[in-house]
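One structure is given below, encoded as structure tokens.
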Amino acid sequence: MAWRRNARVVWEAIHHPEHGWKTTHFWGPLANWALVGSAVWDGLNYGPEMISVPMTMTMCVYSGLFMRFAWAVQPRNYLLLSCHAFNEMAQITQLCRAYKYKQERGEAINITQKDMAMAAVGCAGAAVGMKVAPTLQNKIAASSLPASVTSFLNHPAGPFTIFFWAPTTKWLLSASNIADIDRPVDKISTSQQLALASTGLIWSRYSLVITPVNYNLLVVNFVLACTSLFHLSRKLAASQDIPKVIAA
């Protein structure tokens, strides 16, 4: 029967020795589902005033590029691909909620039509860049550049590949966390920061077991985990201070 065949395929995939549940290839992408869960949880339980617009915009770009990363990496990771496809939709929904909220309150809207146009042009440029990259890379390789520069440009995770640009956009997540350094703790999403911290820690390991090995991805995930843990420590410290304020 069809359902038995499908169940067997799923069972074999989950228990695959190279990318099954006993490997980081499974737990790395699974940790990213926490980002999706965070967006859904915040959307269902909190008002739009909780949404960090810079972080949400960064998430949109981040997931867009990591969908391509999931397709190109070896072993190809469909769990990661589906995760980022879902996250893209969830983050866009959150972004629309924040935009509508600010518009209704007459507040200054940081997301202007110009910003959206620039983002669209940037994404289109990245897509075109991936098409012309091989030709450009061959021309540079034929030029008389220093060997160290040529080695960097031709690296399997170099700037002509998605393995460079996807992790590089993840640096924006850390930058967004740093930009929110003075954000009131009651406006910080605990679920989002927990998701970012967990994915940062697990992906630090995942970056070393994929092909090609990606040290850019390693460092950015370590920094992301640190910045997220910092915000969680702020939330924890604030929760401990509340009883003291009430008692005073």
- Message: I'd like to know if the side chain of Arg68 reaches the main chain of Ala166, judged simply by a donor and an acceptor atom lying under 3.5 Å from each other, with no hydrogens or angles considered.
- Response: no

- Item | Backbone of Val185 reached by a side-chain donor or acceptor of Lys235 within 3.5 Å | yes

Can you see which heavy atom on [X] is nearest to which on [Y], and at what distance?
X: Cys83; Y: Val36; value: O-CG2, 3.5 Å
X: Ser198; Y: Ala34; value: OG-CB, 4.4 Å
X: Lys170; Y: Leu224; value: CE-CD2, 3.7 Å
X: Arg183; Y: Glu49; value: NH2-O, 3.9 Å
X: Asn221; Y: Thr199; value: OD1-O, 3.7 Å
X: Leu217; Y: Ile210; value: CD2-CD1, 4.1 Å

Find out if a path of hydrophobic residues (ILVMFWY) with successive side-chain heavy-atom gaps under 4.5 Å connects [X] to [Y].
X: Ile181; Y: Met57; answer: no
X: Phe222; Y: Ile202; answer: no
X: Val223; Y: Leu196; answer: yes
X: Val213; Y: Trp203; answer: no

- Message: Measuring only between side-chain heavy atoms, which start at C-beta, is Tyr206 closer than 4.5 Å to Leu218?
- Response: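 In short, these two side chains do not touch, never coming nearer than 4.5 Å.
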
In Å, rounded to the nearest 0.5 Å, how long is the span from [atom1] of [X] to [atom2] of [Y]?
X: Gln94; Y: Gln192; atom1: CD; atom2: CD; value: 8.5 Å
X: Leu95; Y: Tyr99; atom1: CG; atom2: OH; value: 10.0 Å
X: Tyr215; Y: Leu208; atom1: OH; atom2: CG; value: 6.5 Å
X: Asp180; Y: Ser189; atom1: CG; atom2: OG; value: 11.0 Å

- Note on the structure: Taken in chain and number order and not counting sequence neighbours, the residues that satisfy side-chain hydrogen bond (donor to acceptor under 3.5 Å, both in side chains) with Thr93 are none

- Query: Excluding sequence neighbours, so at least two apart, what forms side-chain hydrogen bond (donor to acceptor under 3.5 Å, both in side chains) with His84?
  - Reply: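 With neighbours one apart ignored, the set is Asn32, Ser63.
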
Taking side chain to side chain contact (heavy atoms under 4.5 Å, CB included) as the test, write out the residues that go with [X], two or more places apart.
X: Pro159; answer: Phe152, Leu153, Phe164
X: Ala90; answer: Ala39
X: Ile92; answer: Cys60, Glu88, Cys96
X: Ala175; answer: none

- Task: Walk me through it: do Leu194 and Ser38 pass the test side-chain contact (heavy atoms from CB on, under 4.5 Å)?
- Result: CA-CA 9 Å; Leu194 280 171; Ser38 170; over 6 Å; no

- Task: Return yes if a side-chain donor-acceptor contact under 3.5 Å exists between Tyr101 and Arg105, otherwise no.
- Result: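 Yes - a donor-acceptor pair under 3.5 Å links their side chains.
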
- Message: Could you check whether Trp71 and Asn77, counting side-chain N and O atoms only, form a donor-acceptor pair closer than 3.5 Å?
- Response: no

- Query: How about Phe69 and Trp165: are their ring centroids closer than 6.0 Å?
  - Reply: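 No, too far apart.
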
- Message: Working note: Phe66 + Ile162, criterion side-chain contact (heavy atoms from CB on, under 4.5 Å); need CA distance, chi angles, decisive distance, verdict.
- Response: CA-CA 8 Å; Phe66 263 93; Ile162 192 64; over 6 Å; no

- Working for side-chain contact (heavy atoms from CB on, under 4.5 Å), residues Leu201 and Ser204: CA-CA 5 Å; Leu201 292 171; Ser204 295; 5.6 Å; no

- Task: Before giving the answer on side-chain contact (heavy atoms from CB on, under 4.5 Å), spell out for Asn216 and Trp171 the whole-Å C-alpha distance, their side-chain angles and the decisive distance to 0.1 Å.
- Result: CA-CA 9 Å; Asn216 185 18; Trp171 279 105; 3.0 Å; yes

